[in-house]
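Here the structure is laid out as structure tokens; the discussion comes afterwards.
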Amino acid sequence: MKKIYAMAIATMSIFSVHAQSSGDYQLLVGTYTAPGKSEGIYIYNYQSKTAGTHLVSVAKNIINPSYLAVSKDREFVYAVNEDADKSTISAFSFDQSGGKLNFLNKQDAKGADPCYLIADEYNVISANYSGGTISVFGRQADGSLSPAKQIIQHTGSGPDKARQESAHVHMVRFTPDGKYVVVNDLGMDMVFLYQYNQESQQDILVLKDSLSVKPGSGPRHIVFSPSGKNAYLVHEMSGDVTVFDYNDGQLKKIQEISMLAPDFKGETGAADIQISSDGKFLYTSNRGTANAITTFAVGKDGKLTYKTITPTLGKGPRAFVIDPSGKWLLVGHQYTDEIVIFSRNSLNGSLKDSGKRIEVGAPVSIVFVPKK
């Protein structure tokens, strides 16, 4: 009996070691491969208890897969390939058990320098920055991409002649109700809401509404509250955050607040914006002179109160994510080639350096994928 018990304990120990090694999530990191030392898309095993990571594989020979989207069934991954006028969108099947991506196909992005994309069971939609276009690709049964089914060209400019000389589509995002796609145009200082006809073959996106933001602000990324009642838009050039009430394809501004310290006089380069899963704290990154993350408390009315600014301990915090447990915040530094992991206090939203790092070239997109 003792022998059987000992064998059971040994088996459990082996399983425990395996579980610790394999982790409970996979972490996908999109990067810039040129110039720099990145080789492509990196896949890690990730433990939410400890924020421990283990590199599993690298999908190589991919040009600048800076932004990634994972299908809801976790079987496919889509990546932009920023390459000026030669830019493409790539599709991969995702072998979760082996932690590997297998290339399926790629399509012309139909717009220079795609910088963001989203996917559902019907389509993959990209925001093409330099081209000022939105491209919609159909998803085939095997996960591969059809040629673009719809291309929408934005035209316009903003007051900053150097950076807003033309339309620059910076982000596409599904609204929480799934009925619309929000599109931020940095070059035009505008936000567009398109009705989303997911099963259509032609007019997949139909303009429903648009709104102008403060001239020269440069709208970049938007995130919705967990309740879906509010939206938060960070402006790259001004460093402001605009708070909206959201209802059925309409955004109504209720607040505008700066993410910058009152005495800040350096270069502003607001990049990413994330909200905690409980909706109590909002974070924004500034990859300009500050290289910092600003923390806001979120009130019951959705409005923000400035709390603190935390240095990110690297250069170029272009993207960051809160891990699924809410205990950790991972910041990707494009110019110092590493992801810095902060422990996060869920009660007051504060961040503290955990001492953990992931060395990876020019990280831009960080995506958690639950293991099946």
message = With no hydrogens and no angle check, just 3.5 Å: does a side-chain donor-acceptor pair link Asp323 and Tyr46?
response = yes

note = Here the gap from Asn123 atom CG to Phe174 atom CZ, rounded to the nearest 0.5 Å, amounts to 7.5 Å

ask   = Can you find a heavy atom in the side chain of His154 that is under 4.5 Å from one in the side chain of Val183?
value = yes

message = Regarding Asn286 and Asn291, do their side chains bring together a donor and an acceptor under 3.5 Å, going by distance alone?
response = no

key: Side-chain H-bond candidate by donor/acceptor type, Ser38 with Thr31, under 3.5 Å   = yes

ask   = Which value, rounded to the nearest 0.5 Å, describes the distance between Phe320 atom CZ and Phe342 atom CZ?
value = 11.0 Å

key: Tyr335: hydrophobic cluster co-members (side-chain, 4.5 Å)   = none

request  = State which residues pass side chain to side chain donor-acceptor pair (under 3.5 Å) with Gln164; sequence neighbours excluded, sorted by chain then number.
outcome  = Asp189

inquiry  = Do Lys252 and Phe244 make a side-chain contact, defined as non-hydrogen atoms from C-beta onward lying under 4.5 Å apart?
reply    = no

ask   = Taking the side chain as C-beta and beyond, is there a heavy-atom pair between Ile204 and Val181 under 4.5 Å?
value = no

Asn348 versus Lys307, side-chain donor and acceptor atoms under 3.5 Å = no

query = Which residues pass the side chain to side chain donor-acceptor pair (under 3.5 Å) test with Gln274, sequence neighbours left out?
reply = Asp272

Distance, nearest 0.5 Å, that separates NZ of Lys280 from CG of Asp278 = 5.5 Å

ask   = Can you list the residues that meet the side chain to side chain donor-acceptor pair (under 3.5 Å) rule with Ser90, with sequence neighbours excluded?
value = Asn81

key: Counterpart residues, ring-ring contact (aromatic ring centres under 6.0 Å, His included), relative to Tyr194 (two or more places apart)   = none

message = Under a 3.5 Å threshold, yes or no: a donor from one side chain and an acceptor from the other, between Glu256 and Thr242?
response = yes

ask   = Is there a donor in the side chain of Ser135 and an acceptor in the side chain of Asn128, or the other way round, less than 3.5 Å apart?
value = yes

ask   = Do Asn345 and Ser343 have a side chain donor and acceptor closer than 3.5 Å?
value = no

task = Could you tell me which residues satisfy salt bridge (charged side-chain N to carboxylate O under 4.0 Å, His left out) with Glu39, sequence neighbours excluded, listed by chain and number?
result = Lys60

